[in-house]
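Following: one structure in structure tokens, then a few remarks.
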Amino acid sequence: METISLIIDGKKVHGEKGQTVLEVALKNGINIPYLCYHPKISKTGACRICLVRINGVALKASCVEPISEGMEVVTEDDEIIKIRKFVLELLLSDGDHNCLYCDANGACEFQSLVQRYSIEEIKPSKTRIPKEIDYESSNALRRNENRCILCGRCVKACKEIQVSNVWSFAERGSQTHLVADDGKKIGESSCVKCGTCAQLCPTGALTLQPVKGRGANWELTAIPSICIYCGVGCKIDFYKNKDNILVKAMGNYTGPNNGHLCVKGRFGFDFVHSDKRLKKPLIKKKGSFEEAEWDEALDLIASKLIEIKEKYGPDSIAALSSAKCTNEENYLLQKFVRSVIGTNNIDHCARL
Amino acid sequence: MTNSIREIPLSEGFFVIGSNTTENHPVIGSMIKNEVINKGKKLIVVDPRRIELARYADFYFQIKPGTNIAILNGFMHVLIKENLYDKEYVHSRCEGFEEMAHVIEKYTPEYVAQICGLDNPEDIVEAARLMARLKPMALYYSMGITQFVSGVNGVKSTANLQMLLGNVGIPGGGVNPLRGQNNVQGACDMGALPNTYPAYQPVASIENKAKFEAAWGVSNLSTTPGLTLLEMFNHAIEGNIKAIYAMGENPVMSDPNQKHVIEALKSLEFFVVQDIFLTETAQYAHVVLPVRSFLEKEGTVTNTERRVQLMHKVLPPVGDAKDDWWVIQEVARRMGANWNYKTSEDIFEEIRKVTPSYGGVTYKRAEYEIIQWPCPSEDHPGTQFLHKDKFTRGLGLFTPIDYTPPAEDADFEYPMILTTGRILYHFHTGTMTRKSKVLDENVREGYVEVNPIDAQNYNIENGEVISISSRRGSIRIKARITNTVKPNTVFIPFHFFEACANVLTIDAVDPISKIPEYKVCACRIEKINL
């Protein structure tokens with residue numbers, strides 16, 4: 001790889017040939033704002049928020065501008081701020097951005113930029129056309145196109161990450177809007193509900209259905225873990241609220257999934273809160289289960305296993321381990337079976 | 001997987017056989033789709049069902065269930081006959097080529113097409129020629145290769161093909177089985193198998209016995225391999241197995257021939273289940289112990305590419321539910337073991353000592369690095385792909401393999417073939433997915449896929465409840481009329497207890513791996529409302 005040196009805001013930084021100004025800046029902790037750019041999709045260069053000044057003259061979209069040797073970049077000056085404000089004001093006037101009613105409130109990239117550039121309240125544009133609100137048709141996605149800034153991340157997420165090509169833009173100019181398939185409602189489209197479009201949406205135009213009513217974004221805590229379903233091992237950031245209720249699952253970008261999830265990894269975790277979860281040990285007495293304390297249940301198990309082992313020998317006992325349990329648990333069960341019971345009768349569902 | 005998920009962009013082409021990737025491993029499915037659809041990479045698909053990937057394939061072969069080995073041999077026949085195989089690789093890195101080539105000789109495209117029920121033998125030739133041009137090509141498979149009485153031979157055949165093409169031991173190539181459970185790789189690695197200790201160290205070896213007796217401070221380890229899951233049930237019915245201790249698992253739903261499984265569980269003197277729900281299986285237990293779900297515990301899991309990852313506690317435990325490891329330790333202590341693990345990391349530190357391939361994995365590394373076993377020491381970076389420069393055994397061994405038919409073929413009494421599997425919106429026995437709103441609402445009940453020609457012959461309408469029977473049992477289930485399946489073949493997803501596919505499936509197993517033949521059995525369909 002060819003290393004290139006350049007100067008961003010007076011700081012000497014290095015990048016690799018083919019990288020853009022924005023990528024090198026972000027990697028070096030220099031916070032150039034952006035909206036249509038996202039590291040996991042191809043570059044669009046449409047929103048003009050990431051404009052920077054190159055070599056003291058030209059204003060360029062840093063997300064598509066390749067770095068070159070000795071390049072001098074200024075990421076913000078009065079003119080750039082003015083342009084960014086102008087772009088944000090246009091977007092605000094063309095949409096309906098009432099954060100109070102928005103699922104994305106507090107987790108909205110657009111909101112952050114409006115805050116950063118201190119935009120005063122903007123009146124709706126006279127040409128603004130109310131757009132589609134569809135909170136109902138899909139049990140996975142909520143959609144309010146009045147909050148859409150046409151960045152195109154959802155279209156690219158569906159084309160390049162999920163590769164289902166459900167979303168696309170229809171019509172032109174001020175009429176441009178998002179459509180699913182050939183103009184269907186999202187719930188009636190070919191969408192397979194991976195939710196990646198909502199994960200990448202920088203506003204509240206596309207959000208995940210289950211988040212509604214489960215707590216404001218700033219009340220949520222995110223903890224990473226690994227999906228319980230197939231063997232891909234997707235890393236997921238699980239968001240829970242103050243009442244320890246799961247709110248949403250977002251693909252973690254450092255896992256083997258590179259941020260992507262499927263419908264099970266996105267929406268398959270309600271079962272942990274099911275009222276059918278077992279809460280107490282159960283012992284069958286006269287044909288029906290009765291709740292018991294741990295000591296009673298554990299003493300019973302140990303004494304029965306000792307009794308059976310003494311009567312019929314260790315090979316009369318077998319154990320089923322589980323591909324849903326951790327390495328530690330599987331290790332310990334086979335150690336128990338081999339060293340405490342004294343048999344190799346242990347297997348699990350690997351073949352099922 | 002011999003190779004890694006992040007190598008998918010390095011492959012020039014993909015050969016997917018016996019894996020409905022976009023439904024069962026959707027994230028990998030999407031990565032393959034991205035390469036094929038957006039970047040023009042090549043795709044060859046072999047599957048009895050016209051799965052989504054078939055739509056994007058350069059060649060798609062809708063084979064009769066259970067004929068994988070024939071078509072794999074067919075591709076190899078063409079590669080050898082037309083001198084398209086990687087001769088340098090075969091001669092320098094492999095052995096046993098001549099013996100294999102001898103067996104392959106009779107698998108002409110015409111002969112293979114006849115076995116597999118294919119109309120156009122020339123496509124086998126063209127697909128093989130394409131494979132030879134793809135450097136490297138990655139092979140992906142799943143249970144559509146393994147769940148046959150010839151499962152082990154099916155796996156070896158995939159290795160034969162990839163070695164013949166010189167695609168093993170290079171980035172972007174490989175033989176890549178997609179594991180179906182989040183920690184099935186780890187459970188195997190940890191020795192939750194009847195014949196091996198952790199890291200696949202055979203229990204029959206005296207050295208291993210001594211090694212583990214020293215590590216565990218005991219003197220009673222058995223050198224007799226134990227029983228596999230289905231054998232346990234057979235032995236329970238025969239009266240040799242008296243007690244079963246099940247940590248999770250739901251064999252009543254997941255094992256073939258449900259009636260037989262229930263009979264086995266009923267014949268036990270003592271049956272313990274640890275689970276998060278009172279499953280269909282737990283109903284038969286004498287004691288049921290409540291344990292924590294994956295979101296309520298900490299520990300490591302190992303994915304399909306051998307990557308060890310750390311799970312974290314996200315939620316507090318429910319009721320009196322405990323960690324599975326805590327429960328095992330408590331039982332062990334009551335039976336005289338002197339165990340004193342305080343955290344799952346304590347256990348992991350012991351795992352590292354007795355599992356050479358995990359020796360260099362720590363909780364910290366699993367959290368912050370990409371660590372794939374083998375990783376013998378803390379300064380080892382882990383292994384992105386296996387068999388680099390030379391095979392683990394030295395030379396890659398070609399195995400001569402003949403096609404053998406499934407245990408049960410269609411006949412006069414049971415004229416159709418049943419194959420089973422999973423679907424996108426559900427997982428395994430449905431215990432978790434059917435309790436998750438979005439998933440449950442998408443597919444609420446079981447169904448059987450029936451080809452339109454069969455539907456017409458049996459006068460069945462879409463959505464009509466029909467009867468399906470095999471020699472093991474009978475179920476009622478809604479028909480879904482679709483071209484996904486060939487005529488004379490039906491498919492049932494096995495997630496639904498009220499229309500349980502495993503009432504019908506056969507418990508014939510592969511003689512070596514003991515895997516059941518879930519993917520083929522004979523059945524008949526009948527209209528109920530005449």
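Side-chain atoms are counted along with the backbone in the values below, which use heavy atoms only and exclude waters and symmetry mates. Each chain gets a letter, A, B and so on, in the order the sequences are listed, and its residues count up from 1. Everything quoted here is computed from the prediction, not taken from an experiment.
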TODO: Give the C-alpha distance, both sets of side-chain angles, the deciding distance and a yes or no for salt bridge (charged side-chain N to carboxylate O under 4.0 Å, His left out) between A/K335 and B/E350.
DONE: CA-CA 11 Å; A/K335 180 177 175 180; B/E350 181 175 314; 2.8 Å; yes
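- Most heavy-atom pairs under 4.5 Å with chain B: of the set A/I228, A/I223, A/I317, A/V340, this distinction falls to A/I228.
- Considering only heavy-atom pairs separated by less than 4.5 Å from chain B, the leading option among A/C194, A/G251, A/G255 is A/G255.
- Between chain B and the residues A/N257, A/L333, A/I283, the most heavy-atom pairs under 4.5 angstrom are made by A/L333.
- Using a 4.5 Å cut-off between heavy atoms, B/V272 contacts chain A through its side chain alone, with no backbone atom that close.
- Contact of A/S339 with chain B is made through backbone and side chain together, with heavy-atom distances under 4.5 Å.
- Chain B forms more heavy-atom pairs under 4.5 Å with one residue of A/K279, A/E307, A/H273 than with any other, namely A/K279.
- Atom CD of A/E293 has 12 or fewer neighbouring heavy atoms from other residues, nucleotides or ligands inside a 6.0 Å radius.
- A/D295 and B/R334 are joined by a salt bridge, as a carboxylate oxygen and a charged side-chain nitrogen come within less than 4.0 angstrom of each other.
- Annotation: maximal heavy-atom pairing with chain B below 4.5 Å, among A/R266, A/K193, A/K284, occurs at A/K284.
- Cation-pi check for B/K242 over A/Y312 is met; the charged atom lies under 6.0 angstrom from the ring centroid and within 45 degrees of its normal.
- Of the two parts of B/L227, the backbone and the side chain both hold a non-hydrogen atom closer than 4.5 Å to a non-hydrogen atom of chain A.
- The aromatic ring centres of A/F269 and B/F294 sit less than 6.0 Å apart.
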Task: Worked check of side-chain contact (heavy atoms from CB on, under 4.5 Å) between B/V438 and A/Q209 - done: CA-CA 9 Å; B/V438 173; A/Q209 195 65 263; 5.9 Å; no
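- Looking at A/I236, neither its backbone nor its side chain comes within 4.5 Å of chain B, counting heavy atoms on both sides.
- In this structure, the portion of B/E296 lying under 4.5 Å from any heavy atom of chain A is its side chain and not its backbone.
- A cation-pi arrangement is present between A/R338 and B/Y197, with the terminal nitrogen or guanidinium carbon under 6.0 Å from the aromatic centre and inside a 45° cone about the axis.
- Per-residue heavy-atom pair counts under 4.5 Å with chain B were compared for A/L320, A/N244, A/N330, A/T196, and the maximum is reached by A/L320.
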Open item on the list: With side-chain contact (heavy atoms from CB on, under 4.5 Å) as the criterion, how do A/N139 and B/N442 come out once you've worked through the C-alpha distance, each side chain's angles and the decisive distance to 0.1 Å?
Closed with: CA-CA 9 Å; A/N139 61 4; B/N442 268 282; 3.8 Å; yes
